[in-house]
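Below you'll find the structure, written out as structure tokens, and then a few comments.
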Amino acid sequence: MTTSPAVRLLAGTAAAGGAALAWGAFVEPHLFTLRRYTLPVLAAGSLPLRILQISDIHLVPGQTRKQVWIRSLADLEPDLVVNTGDNLSHLEAVPDALAAMAPLLERPGVFVMGSNDYYAPTLKNPARYLTRDYAKVTTERIPLPTEELRAGMTGRGWVDLDNARTTLTIGGARLDLVGVDDPHIERDDYASVSAPADPGATLTIGVTHAPYQRVLDGMAADGARLLIAGHTHGGQLCVPGLGALVTNCDLDRGRAKGVSRWWAGAGSGRAEPPDAAWLHVSAGLGASRFAPVRFACRPEATLMTLVPEGQR
């Protein structure tokens, strides 16, 4: 019996879809990748600084491979670690999360919290991920042991930047750091910590979990030259050649992951000024345990080497 072209096409499409699903569910989520960028944000004559960003770990107990890979990042010997939140995806994940970060906690570090440091993920219709409704915060909230996580990080010396500022001197550089609590669940209060960039600092850095425009605009307007965020998962489900389909916030899809420029009004069409900030958005290392799939968007951490302006 001869199979019709339509049936062969349908069978081939189904096979390709099944292969893509298997890749996205069982292979790509484990292909941890280190991204490297060189950013010219320092004054002339400054020594290079290396910042390691980890984000969106979404840890579930038993994810040994992920924990081992995170621990190995300490071998990079970064000057500063920036954790942009969403460390948890389970009520019992704090001990494993702190164990994974233990070698990095020996380095200078700062952090902000994400919604999945406060509330456990809940089961949603996966199709909602590709709609604007996915960005809406559910009213069903299961509290996570946030303060246990916070104490575990601050107790080892990392600085909590949730609606806070701090100054750190690292490698002879004086860094002015400002952060907000998670804008995705409207815990941000940048107005309470807003101030012009410290002219005596080597660099002002703004840190947020979710890169909402209101926060990025405020930090850039105050003179932050480097903005660091997570939350987007880089789109999580991407189309090769097209990129992210969603960002889960009001940031445009072209900035869903990696390095770009940002300035106050960038999202509303204002022309780019010469002193536009550098923005890095991490695609993160995990996903909700109810949607543990990635496609064309590998899990990642990022090592940013900061150098004087004019160098790359």
**Item:** Parallel, tilted or perpendicular, as decided by the 30° and 60° cut-offs, for the rings of His231 and His209
**Value:** perpendicular

**Asked** Mind checking whether Leu80 and Leu177 have side chains closer than 4.5 Å, heavy atoms only?
**Response** yes

**Complete:** side chain to side chain donor-acceptor pair (under 3.5 Å) with Tyr118: of Asp181, Asp86, Asp182, only one passes, and it is Asp181

**Prompt:** Are Leu47 and Ile51 grouped together when hydrophobic residues (ILVMFWY) are joined by side-chain heavy atoms under 4.5 angstrom apart?
**Reply:** no

**Request:** Kindly say whether Leu88 contributes a backbone atom to a donor-acceptor pair with the side chain of Asn116 at under 3.5 angstrom?
**Result:** no

**Request:** Could you tell me whether the side chain of Arg141 and the main chain of Tyr119 form a donor-acceptor pair under 3.5 Å?
**Result:** no

**Asked** So how far is it from Asp252 CG to Ser260 OG, rounded to the nearest 0.5 Å?
**Response** 7.5 Å

**Message:** Tell me whether Arg255 contacts the main-chain N or O of Val281 through its side chain, where contact means a donor paired with an acceptor under 3.5 Å.
**Reply:** no

**Prompt:** Between atom CZ of Arg65 and atom CD1 of Ile70, what is the distance when rounded to the nearest 0.5 Å?
**Reply:** 13.0 Å

**Request:** Give the intermediate values and the outcome of side chain to side chain contact (heavy atoms under 4.5 Å, CB included) for residues Arg225 and Leu39.
**Result:** CA-CA 10 Å; Arg225 296 300 315 282; Leu39 302 179; over 6 Å; no

**Request:** Tell me whether Leu203 is reachable from Val193 by hopping between hydrophobic residues (I, L, V, M, F, W, Y) whose side-chain heavy atoms are closer than 4.5 Å.
**Result:** no

**Side chains of Glu148 and Pro95 in contact at under 4.5 Å (non-hydrogen atoms)** = yes

**Item:** Heavy-atom pair of closest approach, residues Cys297 and His233
**Value:** SG-O, 3.2 Å

**Prompt:** Under 3.5 Å, side chain of Glu300 to main-chain N/O of Ser282, donor-acceptor pair present?
**Reply:** no

**Prompt:** For Pro274, does its backbone N or O pair with a side-chain atom of Trp263 as donor and acceptor, under 3.5 Å?
**Reply:** no

**Item:** Hydrophobic cluster membership, Leu42 vs Val207, 4.5 Å side-chain cutoff
**Value:** yes

**Prompt:** Heavy-atom distance under 4.5 Å between the side chains of Asp222 and Thr204, does that happen here?
**Reply:** no

**Request:** Check the hydrophobic clustering (I, L, V, M, F, W, Y; side-chain heavy atoms under 4.5 Å; chains of links allowed) and say if Leu303 and Leu285 are grouped together.
**Result:** yes

**Item:** Backbone of Arg150 reached by a side-chain donor or acceptor of Thr154 within 3.5 Å
**Value:** yes

**Item:** Pair Asp117, Asn87: side-chain N/O donor-acceptor within cut-off below 3.5 Å
**Value:** yes

**Request:** Using modelled atom types only, decide if a donor and an acceptor are shared between the side chain of Gln53 and the backbone of Ala229 within a distance under 3.5 Å.
**Result:** yes

**Message:** Strictly distance-based, threshold 3.5 Å: is any side-chain N or O of Arg253 a donor or acceptor partner for the main-chain N or O of Ala244?
**Reply:** yes

**Prompt:** If we only count heavy atoms from C-beta on, is the Trp278 to Arg261 side-chain gap below 4.5 Å?
**Reply:** yes

**Fill in**
What one should report as the nearest heavy-atom pair of Ala266 and Asp217 is N-OD1, 4.3 Å

**Residue pair Ile228 / Thr302, side-chain heavy-atom distance below 4.5 Å** = no

**Prompt:** Which atoms form the tightest heavy-atom contact between Leu49 and Ala173, and what is the distance?
**Reply:** CD1-CB, 3.6 Å

**Message:** In the structure I gave you, are the side-chain heavy atoms of Asn163 and Val180 within less than 4.5 Å of one another anywhere?
**Reply:** yes

**Request:** Look up atom CG in Leu161 and atom CD1 in Ile205, then write down how far apart they are to the nearest 0.5 Å.
**Result:** 9.5 Å

**Asked** Linking I/L/V/M/F/W/Y whenever any side-chain heavy atoms sit under 4.5 Å apart, do Val60 and Leu91 land together?
**Response** no

**Request:** For side chain to side chain contact (heavy atoms under 4.5 Å, CB included), just list the numbers for Met113 and Arg187, CA-CA rounded to whole Å, side-chain angles, deciding distance to a tenth of an Å, and then say yes or no.
**Result:** CA-CA 10 Å; Met113 294 293 193; Arg187 294 180 64 100; over 6 Å; no

**Asked** Is the backbone of Ala44 close enough, under 3.5 Å, to the side chain of Glu309 for a donor and an acceptor to pair up by distance?
**Response** no

**Asked** Is it the case that more than 12 heavy atoms not belonging to Glu92 sit under 6.0 Å from its CD atom?
**Response** no

**Prompt:** So do the side chains of Pro292 and Pro29 get within less than 4.5 Å of each other, counting heavy atoms only?
**Reply:** no

**Message:** Can you tell whether the side chains of Arg156 and Glu106 come within less than 4.0 Å, N to carboxylate O?
**Reply:** yes

**Request:** Please examine the side chains of Asp162 and Phe111, heavy atoms only from C-beta on, and report whether any two atoms are closer than 4.5 Å.
**Result:** yes

**Request:** Nearest 0.5 Å please: distance from the OG1 atom of Thr305 over to the CG atom of Asp79.
**Result:** 9.0 Å

**Asked** Looking at Pro40 and Gly310, what are the two nearest heavy atoms and their distance?
**Response** CB-N, 4.0 Å

**Request:** Would you give the length of the straight line joining atom CG of Leu104 to atom CG of Leu98, rounded to the nearest 0.5 angstrom?
**Result:** 12.0 Å

**Item:** CD on Glu28 to OG1 on Thr33, rounded to 0.5 Å
**Value:** 8.5 Å

**Request:** Any chance you could lay out the side chain to side chain contact (heavy atoms under 4.5 Å, CB included) test for Gln63 and Arg289, step after step, and finish with the verdict?
**Result:** CA-CA 11 Å; Gln63 291 180 330; Arg289 65 190 176 98; over 6 Å; no

**side chain to side chain contact (heavy atoms under 4.5 Å, CB included) between Arg35 and Met304, worked out** = CA-CA 8 Å; Arg35 307 292 183 194; Met304 290 171 272; over 6 Å; no

**Complete:** Heavy-atom closest pair (Lys66 atom, Leu59 atom, distance to 0.1 Å) is CD-CD1, 3.7 Å

**Item:** Under 3.5 Å donor-acceptor, Thr202 side chain and Arg174 backbone
**Value:** yes

**Message:** Please give me the minimum heavy-atom distance between Gln67 and Asp96, naming the atom from each residue.
**Reply:** OE1-O, 3.6 Å

